[in-house]
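See below for the structure under consideration.
Throughout, protein chains are lettered first and strands after them, A, B, ... in sequence-line order, and every chain is numbered starting at 1. Only this structure's heavy atoms are used, side chains among them; waters, hydrogens and symmetry mates stay out.
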There are 2 protein chains.
Amino acid sequence: MPEKDFVSWSHAREIWEIAMELRHLRYFIAVADAGSLTVAAEQKLHTSQPSLSRQIRDLEAEVGVQLIHRSAHGVELTPAGKVFLDHTRMALVQAEAAKEAAQRAAQPARPSFALGFMSGA
Amino acid sequence: MPEKDFVSWSHAREIWEIAMELRHLRYFIAVADAGSLTVAAEQKLHTSQPSLSRQIRDLEAEVGVQLIHRSAHGVELTPAGKVFLDHTRMALVQAEAAKEAAQRAAQPARPSFALGFMSGA
DNA sequence: ATGGTTTACGTTTTGCGTAATCATC
DNA sequence: GATGATTACGCAAAACGTAAACCAT
């Protein structure tokens with residue numbers, strides 16, 4: 001039976017309707033860390049700038065908020081972008097934790113340790 | 001400058017190398033809730049069973065663990081699958097929270113004209 | 001025989017890379 | 001003029017849908 005009362009959603013949108021993908025979040029984190037689309041693409045993600053530029057643009061369209069400010073020197077996070085970055089990191093960590101927890105659970109002998117964290121205010 | 005000491009990773013794998021996507025997690029949650037690939041596909045995800053079957057299979061390959069046990073009555077979560085489900089839900093919630101936090105941060109402190117979507121005080 | 005999952009295959013979407021363009025300092 | 005982001009476009013990979021096959025009850 002479906003137990004879905006573990007958390008309450010802020011809005012009515014169902015989780016199946018989220019268009020955002022982890023790839024977008026990874027790209028955004030790389031850009032934020034590098035401060036530049038160019039170096040993030042080439043040195044971190046091993047992809048091309050145009051690809052990365054488009055993914056970031058798609059992400060901003062999905063969120064509906066401008067996350068970075070483009071300039072000639074590189075990119076700079078907007079206030080909304082900084083907030084988004086923090087949550088984004090946690091989401092990635094959670095996804096990776098899910099994978100590792102499943103792998104750990106599949107091997108019965110290992111004691112499980114919790115990789116816990118708090119969700120922001 | 002990259003601030004990345006907010007959490008320590010369990011393994012050396014970089015986050016850019018994660019092949020898992022939120023779509024896989026959404027699909028998995030739907031299957032777990034429905035207890036069946038067929039009804040999850042048709043009634044929740046509005047897609048086809050073969051598509052869903054392949055996505056779940058891909059997810060299991062990525063995680064490296066069998067997450068569901070197929071039977072004639074439907075599907076049943078393996079112990080690893082149950083653990084994975086919990087973390088997966090949190091990851092989805094985090095991702096959605098990131099989006100909403102960014103939208104909230106983009107709103108000025110005092111909205112002069114309310115195109116509000118929430119019935120607040 | 002029925003309910004449910006998987007395989008096969010053709011179609012369509014979409015992400016990606018190269019090259020060219022625009023903008024800012 | 002040089003650095004960096006965007007647009008245009010062709011290609012390749014992957015997701016999707018339909019149909020057929022398989023498996024257990």
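Between the side chain of Ser36(B) and the backbone N or O of Gly74(B), no donor-acceptor pair lies under 3.5 Å. Not a single donor-acceptor pair under 3.5 Å links the side chain of Gln103(B) to the backbone N or O of Val65(A). The backbone N or O of Ile68(B) lies less than 3.5 Å from a partner atom in the side chain of Glu60(B), making a donor-acceptor pair.
Arg26(A) and Glu21(A) are not joined by a salt bridge, as no carboxylate oxygen comes within less than 4.0 angstrom of a charged side-chain nitrogen.
In this structure Glu76(B) satisfies the side-chain contact (heavy atoms from CB on, under 4.5 Å) test with no other residue, sequence neighbours excluded. Take Ala105(B) and apply the side-chain contact (heavy atoms from CB on, under 4.5 Å) test, not counting sequence neighbours, and it matches Ala80(A), Val83(A).
Contact between the side-chain N/O atoms of Tyr27(A) and the OP1/OP2 oxygens of dG15(C) is not found at any separation under 4.0 Å.
Comparing the helix axis at one end of the helix from dA1(C)-dT25(D) to dC25(C)-dG1(D) with that at the other, each defined from 5 consecutive pairs, gives an inter-axis angle of 30° (nearest 10°).
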Donor-acceptor contacts, no H, no angles, side chain residues 50-59 of chain B, under 3.5 Å, sequence neighbours left out:
residue, atom, partner, partner atom, Å
Gln55(B), OE1, Arg23(B), NH1, 2.9
Gln55(B), OE1, His24(B), NE2, 3.1

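Note that OH of Tyr27(B) and CG of Leu22(B) are 11.5 Å apart. Values are rounded to the nearest 0.5 Å.
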Atom pairs, protein N/O to nucleotides 4-10 of chain C N/O, distance under 3.5 Å:
residue, atom, partner, partner atom, Å
dG4(C), O4', Ala72(B), O, 3.2
dT5(C), OP1, Leu37(B), N, 2.8
dT5(C), OP2, Thr38(B), N, 2.9
dT5(C), OP2, Thr38(B), OG1, 2.2
dT6(C), OP1, Arg70(B), NE, 2.4
dT6(C), OP2, Ser53(B), OG, 2.8

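First and last contacting nucleotides of DNA chain D toward chain B (any atom under 4.0 angstrom from a heavy atom, 5' to 3' order): dA15(D) to dT25(D).
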